[in-house]
Each structure stands twice: as structure tokens, then as C-alpha cells.
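Letters go in sequence order (proteins before strands), and every chain restarts at 1.
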Amino acid sequence: MPPKKRTRVNERLAKPGKDEDSAKEAVGAKKKATGVTKESSSTPSTPEYCHWLMKSEPESRFENGIDMKFGVEDLKALPDQTSCWDGVRNYQARNFMRQMKEGDLAFFYHSNCKEPGIAGVMKIVKEAYVDHTQFDKKDVHFDASSKADNPKWSMVDVQYQRMMKRFLPLSELKKYHLQHRTKGGPLKDMALFTRARLSVQPLTSEEFDFLLSLEDEEPL
DNA sequence: GCCAACGTTGGC
DNA sequence: GCCAACGTTGGC
């Protein structure tokens, strides 16, 4: 049975002429991923992440008459507090989802809203599988170029873990980022700032741990 | 395979 | 609502 409800990520279009997974993007991702968490045994160049940041919109916004709203509270309210993370239509974001392993932790990031920032923590509970919405003509993220015998887009299932002890606003994260960029520090290369438009991003363990530590700090 | 035009993201 | 940044498209 398909997961309970849909999740929303602001990924649209991206329809390369061929359905080949633009290896360049995977490569680009590798290159950018400077803060490598771990290296796989055979290919030292491939970083292995186990922490992520995933963006979704917590406030109502209508696209083709469909409400894109899906905040951390919406995830929490679902049966099993679990949802599929469908609608990602960007190759880099998709490739990161395909790297996710069951048990990985991800921050739930609120985007395109009054107060953008990190709102909660969730867990990957099902690894990448076919995103059915790409074949649904009624769906906002329908992709006419994707063929059933070779689907382009994947999704994972996520489960709510907890709210952040305190909301971590983007404005504060940015201050740390700028600070760390000049003086050095864990957030100096954070993808949220170096690759702002990417809706599914990897976090190094250092980044992840630092962000968690902010929960117990006074707002900057 | 380059690159200008286009369309989207998402903070402000 | 604006618009900078940037990924994607498509002509060449």
C-alpha cells in the first residue's frame, strides 16, 4: 500500500532531453561536497552521508489549484507520522535521496514562508523507490517525459522524530555561516548557503552535530 | 559541447 | 511582489 500522504517539495520541471541521469550532476555534487563524512571503501572520491536537510513549505500556496502546504506539523499529524517525500524534480536532489539509507536522520526545513528555518528532525524509514506522482496527470509534478519502464524520479519515506527544542531560523544559521566562513567553523560550507536552491541536501556529521548543539544555545 | 535565453526557487 | 541566483533547455 502506498504511503499515507503526499509531501511537498518545491521541485519543478527539469526535463533533460534524455532520461539519463546526468552524471555531471552527480559529479558536481561530489565536487561540491567538500566536507566529506566518510569515504566508501572502493571509491575514495564518493562521500557517504547519513545526515540530510529536506525543504518543504509550511504555509499554503496554490499551484494548479493544489495546496503545496506541508510543514513538520503536517507530517506529525499523519498516521505513523510517516509520509513519502514525493515531487522532487531535480536530479541533484533526487540523487541525494537515492543515497539515503534507512535510519538516516534529516532536518525538516521550512522554506518559502514567514520564518524559514529548521523546524524538526525526521528519520528515513524507506529507501528510494519510484515516485508514482510522475505518472499521474492530475498531479502537479506529473512528468510526461518519464516512462513507466524507466522512471525518472524517486522518493523516500520519512518519519517524524521530534520538533527542534527551539526553531533554528535561517537568519541565525546565516550569521553562523558568515562567521564560520571568515574565522572557520562547521557551517562554512553548508549547502543551504552554497547551494541555496537545492531542496534535498547532505550534511556532514560536523554540520549536523553543530546544528543540534544550537538547540541548547541562546539565539544568536 | 558551448552558451544565451528561459523559468523557477526562495529569501527579502 | 521583487528579483538575484542558478539549473535547464535548445539552437548552433
C:dT8 phosphate, OP1 or OP2, under 4.0 Å from A:N90 side-chain N/O: yes

OP1 or OP2 of B:dC12 under 4.0 Å from side-chain N/O of A:K174: yes

With A:T182 via side chain to side chain contact (heavy atoms under 4.5 Å, CB included) - residues at least two apart: none

Can you tell me which nucleotide in [options] comes closest to the side chain of [X]?
X	options	result
A:R197	C:dC6, B:dG11, C:dG7	C:dC6
A:Y91	C:dT8, C:dC6, B:dG11	C:dT8
A:K55	B:dG10, B:dG11, C:dG7	B:dG10

Rounded distance (Å) that lies between atom C1' of C:dC6 and atom CD of A:Q201: 14 Å

Rounded distance (Å) that lies between atom P of B:dG10 and atom CE of A:M54: 13 Å

For [Y], is there an ion pair with [X] - N to carboxylate O distance below 4.0 angstrom?
X	Y	value
A:R89	A:D131	yes
A:K165	A:D216	yes
A:R61	A:D67	no

Sugar-phosphate, base or nothing in reach of A:Y109, heavy atoms under 4.0 Å: sugar-phosphate

